[in-house]
Structures are given as structure tokens and as C-alpha cells.
**Q** 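Just dropping this structure here.
Basis for what follows: all heavy atoms, side chains included, without hydrogens, waters or symmetry-related copies.
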Amino acid sequence: MCARFDAIGMVVSDMAASVAFYRRLGFAFPEGAGTQGHVEAELPGGLRLMLDTEEVVRSFHTRWEPPSGGGRTSLALRCDSPAEVDALFAEMAGAGSRVELKPWDAVWGQRYAVVLDPDGNGVDLFAPLAAGE
């Protein structure tokens, strides 16, 4: 037996808002996804991002409660360049996404920023800095 990593699953409070947020970041959800209880977007390499509403989760896990104190999950999206980090961050912030960290040049050699999805989960945007930056 050999288990393999296949998908990332997240529970969302508002499917339409979450689908719109992740679509803006380039995730391809099917038409009508914002009205569904469970949706999936295929990721490069065959992985999937799966979103389930709280109601769907409670249908099989009746005592499930959302975590308190903010998001506990984060996704990291690699951009092609530091300029793309800045542009994508500006697009997301301009569309009303909550900002956790504005773009900055991290000591580990990346341009880095963090926006929050509608449920408070972090989405890190990063790109390697050119040598000498």
C-alpha cells in the first residue's frame, strides 16, 4: 500500500465568495460552482483544491464547529516574478480582499505578501528575488 497526496480540502462559510476569491487567483472552478456545496479545481500536477460548505461538512460530521481565532490553513502561490507578486497583491486588495502582509523583500530571498481568503485563511504570494536584490 502506498498513500499519495491528492488534494487540499478547505471548509468555507460562503461558497460564492470563496470561489470568486480563488478564481481571481487563477483557480479554475466549473461554472455554477458558487452555488454548490462541494467543488473542486484541478491544480498543476493533478492535485485538487476542494471546497466544502459548513453545511456539507455537518451533514456527515454533525458536531463539527469552525475553528475560532482565525484561519489555520494557508496556501502558498509562487509567482513568476517579484513584479507579479506586487500586481497580484494589488489586484486582490483592490477587489476587497483582506490584507495580512503587504509585499516586502524577505530576508530568505523572496518577494512576499499575504492576503486572506473570505474565511481568514492566508494565501501567500511569493517569487524569488533576482540575485543581488
Side-chain angles (χ1 to χ4, degrees):
M1 180 189 295
C2 181
R4 66 180 177 87
F5 186 55
D6 183 71
I8 299 162
M10 297 173 68
V11 181
V12 301
S13 298
D14 182 335
M15 183 65 81
S18 294
V19 166
F21 176 89
Y22 285 104
R23 276 185 175 151
R24 201 171 290 114
L25 289 168
F27 290 78
F29 286 99
E31 283 299 315
T35 63
Q36 303 299 310
H38 171 88
V39 297
E40 299 181 9
E42 191 167 328
L43 306 174
L47 294 176
R48 296 170 292 142
L49 175 63
M50 303 182 306
L51 304 179
D52 289 288
T53 62
E54 294 175 356
E55 294 76 22
V56 165
V57 172
R58 285 191 189 104
S59 75
F60 60 85
H61 186 356
T62 56
R63 292 199 257 176
W64 181 86
E65 292 293 329
S68 61
R72 296 176 182 224
T73 301
S74 67
L75 302 177
L77 304 180
R78 183 181 178 136
C79 298
D80 288 334
S81 67
E84 186 179 353
V85 171
D86 293 348
L88 187 53
F89 175 86
E91 178 183 336
M92 298 304 294
S97 297
R98 291 179 291 161
V99 169
E100 185 160 286
L101 293 173
K102 293 180 179 179
W104 59 290
D105 292 343
V107 297
W108 55 85
Q110 293 174 331
R111 183 73 171 162
Y112 219 90
V114 181
V115 294
L116 300 177
D117 79 2
D119 292 293
N121 297 302
V123 177
D124 304 355
L125 310 173
F126 73 95
L129 292 169
E133 283 188 48

**Q** With hydrophobic residues grouped by side-chain heavy-atom distances under 4.5 Å, do Val57 and Ile8 end up in a single group?
**A** no

**Q** Would you please name every residue forming a salt bridge (charged side-chain N to carboxylate O under 4.0 Å, His left out) with Asp52, sequence neighbours left out?
**A** none

**Q** Pro128 versus Arg78: any side-chain heavy-atom pair under 4.5 Å?
**A**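 Yes. Closest side-chain heavy atoms under 4.5 Å.
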
**Q** Holding to side chain to side chain contact (heavy atoms under 4.5 Å, CB included), I want the full list of residues that pass it with Glu100, two or more places apart in sequence or in another chain.
**A** Val114, Leu116

**Q** Sort and list the pairs that fulfil side-chain hydrogen bond (donor to acceptor under 3.5 Å, both in side chains) and have at least one residue in residues 87-99, not counting sequence neighbours.
**A**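 Qualifying pairs: none.
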
**Q** Not counting sequence neighbours, which residues clear salt bridge (charged side-chain N to carboxylate O under 4.0 Å, His left out) with Arg58? List them please.
**A**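 In terms of salt bridge (charged side-chain N to carboxylate O under 4.0 Å, His left out), with neighbours along the sequence ignored, Arg58 is linked to Glu54.
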
**Q** Which pairs pass ring-ring contact (aromatic ring centres under 6.0 Å, His included) with one or both residues in residues 76-107, sequence neighbours excluded?
**A**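 Qualifying pairs: Trp104-Trp108.
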
**Q** Drop me the distance from Glu55's CD to Met15's CE, to the nearest 0.5 angstrom.
**A**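 The CE atom of Met15 is 9.5 Å from CD of Glu55, to the nearest 0.5 Å.
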
**Q** Should Asp119 and Val11 be marked as a side chain to side chain contact (heavy atoms under 4.5 Å, CB included) after you check the CA-CA gap, both sets of side-chain angles, and the distance that decides it?
**A** CA-CA 9 Å; Asp119 292 293; Val11 181; over 6 Å; no

**Q** Could you pull out the closest heavy-atom pair between Ala127 and Cys79, with the gap in Å?
**A**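 Closest approach of Ala127 to Cys79: CB-O, 3.5 Å.
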
**Q** Considering residues at least two apart in sequence or located in another chain, which fulfil the side chain to side chain contact (heavy atoms under 4.5 Å, CB included) criterion with Ala90?
**A** none

**Q** Going by the rule side chain to side chain contact (heavy atoms under 4.5 Å, CB included), which residues pair with Ala76 if we only count those two or more places apart in sequence or in a different chain?
**A** Asp124, Phe126

**Q** Do Ser18 and Leu51 come close enough that some side-chain heavy atom pair is under 4.5 Å?
**A** yes

**Q** Starting from Val123, can I reach Leu47 by hopping between I/L/V/M/F/W/Y residues whose side chains sit under 4.5 Å apart?
**A** yes

**Q** According to the ring-ring contact (aromatic ring centres under 6.0 Å, His included) rule, which pairs have a member within residues 24-58, sequence neighbours left out?
**A**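 Passing the test, one end in residues 24-58: Tyr22-Phe27.
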
**Q** Write out all pairs satisfying salt bridge (Lys or Arg N to Asp or Glu O under 4.0 Å) with one or both partners inside residues 31-47, taking only residues at least two apart or from two chains.
**A** Glu40-Arg48

**Q** Taking C-beta and beyond as the side chain, do Leu125 and Leu25 meet within less than 4.5 Å on heavy atoms?
**A** yes

**Q** Asp80: what forms a salt bridge (charged side-chain N to carboxylate O under 4.0 Å, His left out) with it, not counting sequence neighbours?
**A**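 Counting only residues at least two positions away or on another chain, Asp80 forms no salt bridge (charged side-chain N to carboxylate O under 4.0 Å, His left out).
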
**Q** Where is the tightest heavy-atom contact between Arg23 and Ala33, given as atom of each residue plus distance?
**A**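 Taking every non-hydrogen atom into account, NH2-CB, 4.0 Å.
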
**Q** Same cluster or not: Trp64 versus Val12, using hydrophobic residues (I, L, V, M, F, W, Y) connected whenever any side-chain heavy atoms lie under 4.5 Å apart?
**A**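 Different clusters.
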
**Q** Test of understanding: with side chain to side chain contact (heavy atoms under 4.5 Å, CB included), list the residues that count as partners of Ala95, not counting sequence neighbours.
**A**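 Partners of Ala95 under the side chain to side chain contact (heavy atoms under 4.5 Å, CB included) test: Arg24.
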
**Q** Looking at CG of Asp6 and CE of Met50, how far apart are the two atoms once the value is rounded to the nearest 0.5 Å?
**A** 7.5 Å

**Q** With rounding to the nearest 0.5 angstrom, report the CG to CG distance, Leu129 to Asp105.
**A**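 The distance works out to 4.5 Å.
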
**Q** Show the numbers, then the answer: is there a side chain to side chain contact (heavy atoms under 4.5 Å, CB included) between Leu101 and Tyr112?
**A** CA-CA 8 Å; Leu101 293 173; Tyr112 219 90; 5.5 Å; no

**Q** Restricting to ring pair (Phe, Tyr, Trp, His ring centres under 6.0 Å), what partner residues turn up for Phe21, sequence neighbours left out?
**A**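 With neighbours one apart ignored, the set is empty.
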
**Q** Distance check, rounded to the nearest 0.5 Å: Thr53 atom OG1 versus Gln36 atom CD?
**A** 10.0 Å

**Q** Check the pair Asn121 / Leu75 against side chain to side chain contact (heavy atoms under 4.5 Å, CB included), numbers first and verdict last.
**A** CA-CA 8 Å; Asn121 297 302; Leu75 302 177; over 6 Å; no

